[in-house]
Amino acid sequence: MGEAAYNALIDLLVDICKRNPGIGHLNYTGDTTGNLTMHKWFHATQCPGPYLEARFPEIAAKVNARLDGTETPS
């Protein structure tokens, strides 16, 4: 995944959170109790793959920083 695609993912997640006020901020807990979950936890798949899986905590932090206004889009 290139930088442009990664940044587009962050933009998409910020937009989803803003359009759905019930979501609020992303909460990645590492299991199904958070609101940022992995497809593979619910179905027999490798989704999201090791590259994105390793970045879920970073993704949640970046999205939440944007929602809080403490980080601007790149």
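Index from 1, following the sequence.
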Donor-acceptor under 3.5 Å ([X] side chain, [Y] main chain):
X     : Y     : result
Thr45 : Lys40 : no
Asp31 : Thr33 : yes
Asn7  : Glu3  : yes
Asn64 : Leu26 : yes
Arg66 : Lys62 : no

>> Among residues at least two apart in sequence or on other chains, which ones pass ring-ring contact (aromatic ring centres under 6.0 Å, His included) with Phe56?
In response: Tyr28

>> With rounding to the nearest 0.5 angstrom, report the CD to CD distance, Gln46 to Glu53.
In response: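 Result: 8.5 Å between the selected atoms.
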
> Hey, what do you get for CG (Leu52) to CE (Met1), rounding to the nearest 0.5 Å?
Replying inline: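 One gets 4.5 Å once the value is rounded to the nearest 0.5 Å.
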
> Does the side chain of Asn27 come within less than 4.5 Å of Thr29's, by heavy atoms?
Replying inline: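 Contact flag for Thr29/Asn27 side chains = yes.
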
>> Please find the pair of heavy atoms, one from Cys17 and one from Ile23, that lie closest to each other, and give the distance.
In response: SG-CG2, 3.7 Å

>> Restricting to non-hydrogen atoms, name the atom on Trp41 and the atom on Leu36 that form the minimum distance, rounded to 0.1 Å.
In response: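 Minimum heavy-atom contact is CZ3-O, 4.3 Å.
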
>> Checking Asn35 against His25: is there a side-chain donor and acceptor pair closer than 3.5 Å?
In response: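 No, no side-chain donor-acceptor contact under 3.5 Å.
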
